[in-house]
There are 2 protein chains.
Amino acid sequence: MTNLIATERPDSRLAALLDKGVPSMAIQDDKSVANRLFFRLFQASNILQKQTVGQVGLSTVQWAVLGALSRKGYEDGISFNQLTEYLIVSRQNLDGVLKRLERDDHVKRITHPDDKRARLILLTDKGRAFWESLQPKIHEFYAQGLANFTFDETVSLLHYLNKFQKDLEAIAMRDAPTAEHEKS
Amino acid sequence: MTNLIATERPDSRLAALLDKGVPSMAIQDDKSVANRLFFRLFQASNILQKQTVGQVGLSTVQWAVLGALSRKGYEDGISFNQLTEYLIVSRQNLDGVLKRLERDDHVKRITHPDDKRARLILLTDKGRAFWESLQPKIHEFYAQGLANFTFDETVSLLHYLNKFQKDLEAIAMRDAPTAEHEKS
DNA sequence: AATTTTATGTCAACACATTGTCTTTTATTT
DNA sequence: AAATAAAAGACAATGTGTTGACATAAAATT
């Protein structure tokens, strides 16, 4: 009884399954289902990347940037910083993406009127027209990508992804509880 | 009655909602829910990437490669080609990833005995030991990433992702129905 | 058997993603 | 007001991802 300290973290769901006499094949799945889920997300993201380029003609980041800038209420731009947070990419990465979008005259950066450090990112007229011209392709892509999904299933998947994203995001928080004094 | 040809593709689910007198807010969601889903997948994948590096100390591809090679039954290696298909990455990309894993002596490539063009990829002893040493971190990562998921919810999300991946994969097929004669 | 086609993997160029470093501007402290 | 700290974003180095071009080996054709 005294030597049970260092066993793998007890898992109530596993214990419950054991109590019910569920065969060990199914129990092993508790570890492996997580493994499969994370791997599936990796694969799905790779496919999304490929298919977006193939069907829409844009990389997923570019599609996300143009989509973000074309939203109602962002006609006067969004701050660089806000955009990195919305897309969940590093400032350094976004910088490069914006450089190429500026080169193609789809996007421009202007200095923020209230803070000379900051930048406002906004669509050019050409960029807006380009985005509009993509809409048919994009909607067709959505339709095909969800061809075998009912409306309810789509909503369910979205719900679970939202939830999963929150769990994933929360991990980093736990790591740096004493971030304030770490500099000393 | 004669001028209704070119309206947006009829959607039976939308029509059904209209029949039920569902308010138009909810109907607009039919387009936007797809938009949100695709964007969510983009975001979730970005977070997964970041957190994997942070928590496990590997990029998602490296984690996937080592995981693939450490599977039971692959002690003698897996062909380069099979590995690209399993991971859904391009041959050219995998080549670079393997180069760096070889540099770190975690993986090695040998010429396939039955086909001098092909390569077998396999874990080195160091690579296998490294992978084993990662297991606690990885399981902790899985546990935290699914902290608020019941077993059933995890299975549901996995199910929907599988389904979504199939739909996404199917798109490319439709594009190239006459791929055979295209060379002429 | 010789030729052509296809399969496999590598190299090169570029886009996308990370961290680390730096400058400039703003905010805070003294 | 001067000094210090923090925030914003641009630059560099490296890893990850794409397509295009290529060499070599195997398969198919003639």
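Only heavy atoms go into these numbers, but all of them, side chains included; no hydrogens, no water, no symmetry mates. Numbers restart at 1 for each chain; the letters A, B, ... are given by sequence-line order, proteins then strands.
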task = Ignoring backbone atoms, establish whether A/Lys99 has a side-chain N or O less than 4.0 Å from OP1 or OP2 of D/dC11.
result = yes

task = Just compare D/dG17, D/dG9, C/dC16 and give me whichever is closest to any side-chain atom of A/Arg100.
result = C/dC16

task = Rounded off to whole Å, could you give me the CG-to-P distance for the B/Asn46 and C/dT18 pair?
result = 7 Å

inquiry  = Could you tell me how far apart B/Leu87 (CG) and D/dT18 (P) are, to the nearest whole angstrom?
reply    = 11 Å

task = Between A/Val61 and A/Arg91, just flag the one whose closest nucleotide in DNA chain C comes earlier from the 5' side.
result = A/Val61

query = Can you check whether A/Ser59 has a side-chain N or O nearer than 4.0 Å to OP1 or OP2 of C/dA15?
reply = no

request  = Remember a base hit wins even if backbone is also touched, and classify B/Asn81 as base, sugar-phosphate or nothing at under 4.0 Å, heavy atoms.
outcome  = sugar-phosphate

query = Just to confirm, is there a sub-4.0 Å distance from OP1 or OP2 of C/dT19 to any side-chain nitrogen or oxygen of B/Lys50?
reply = no

task = Kindly point out which of C/dC16, D/dA21, D/dA10 is positioned nearest to the side chain of A/Gln92?
result = D/dA10

key: B/Phe164-A/Leu37 co-clustered via ILVMFWY side chain contacts under 4.5 Å   = yes

query = Tell me: CG of B/Asp95 to C1' of D/dT16, nearest whole Å?
reply = 13 Å

ask   = Which part of the nucleic acid, if any, lies within contact of B/Ser90, taking any heavy atom under 4.0 Å across all strands shown: a base, the sugar-phosphate backbone alone, or nothing?
value = base

remark   = Which of C/dT10, D/dA25, C/dC16 is nearest the side chain of B/Arg109? It is C/dT10

task = Report the distance from atom CD of B/Gln49 to atom P of C/dC16, rounded to the nearest whole Å.
result = 15 Å

request  = Classify the nucleic acid contact of B/Val53 as base, sugar-phosphate or nothing, counting any heavy atom under 4.0 Å across all strands shown.
outcome  = nothing

task = Sort out for me which residue in A/Arg117, A/His112, A/Arg119 forms a side-chain hydrogen bond (donor to acceptor under 3.5 Å, both in side chains) with A/Asp115.
result = A/Arg117

key: Whole-Å gap separating C1' (D/dA7) and CZ (A/Arg119)   = 13 Å

query = What integer distance in Å separates B/Leu98:CG from D/dT16:C1'?
reply = 12 Å

task = Would you indicate, yes or no, if C/dT18 has its OP1 or OP2 atom less than 4.0 angstrom from a side-chain nitrogen or oxygen of A/Asn93?
result = yes

task = Flag the pair B/Tyr86 / B/Tyr74 as yes when their ring centroid distance falls below 6.0 Å, and as no otherwise.
result = no

task = Would you state whether a donor and an acceptor, one from the side chain of B/Arg117 and one from the base of D/dA26, lie under 3.5 Å apart?
result = no

request  = Nearest whole angstrom, please: distance from the P of D/dG15 to the CZ of B/Arg103.
outcome  = 5 Å

message = Same cluster or not: A/Val65 versus A/Leu122, using hydrophobic residues (I, L, V, M, F, W, Y) connected whenever any side-chain heavy atoms lie under 4.5 Å apart?
response = no

task = Let me know the distance between CG of A/Leu83 and P of C/dC16, rounded to the nearest Å.
result = 14 Å

inquiry  = Assuming nearest nucleotide by heavy-atom distance, tell me which of B/Leu94 and A/Ser79 is located more 5' along DNA chain D.
reply    = A/Ser79

inquiry  = Quick check: do B/Phe130 and B/Asp105 have side-chain heavy atoms less than 4.5 Å from each other?
reply    = no

query = Mapping B/Asp114 and B/Gln62 to their closest nucleotides on DNA chain D, which lands nearer the 5' end?
reply = B/Gln62

inquiry  = Same cluster or not: B/Leu158 versus A/Phe39, using hydrophobic residues (I, L, V, M, F, W, Y) connected whenever any side-chain heavy atoms lie under 4.5 Å apart?
reply    = yes

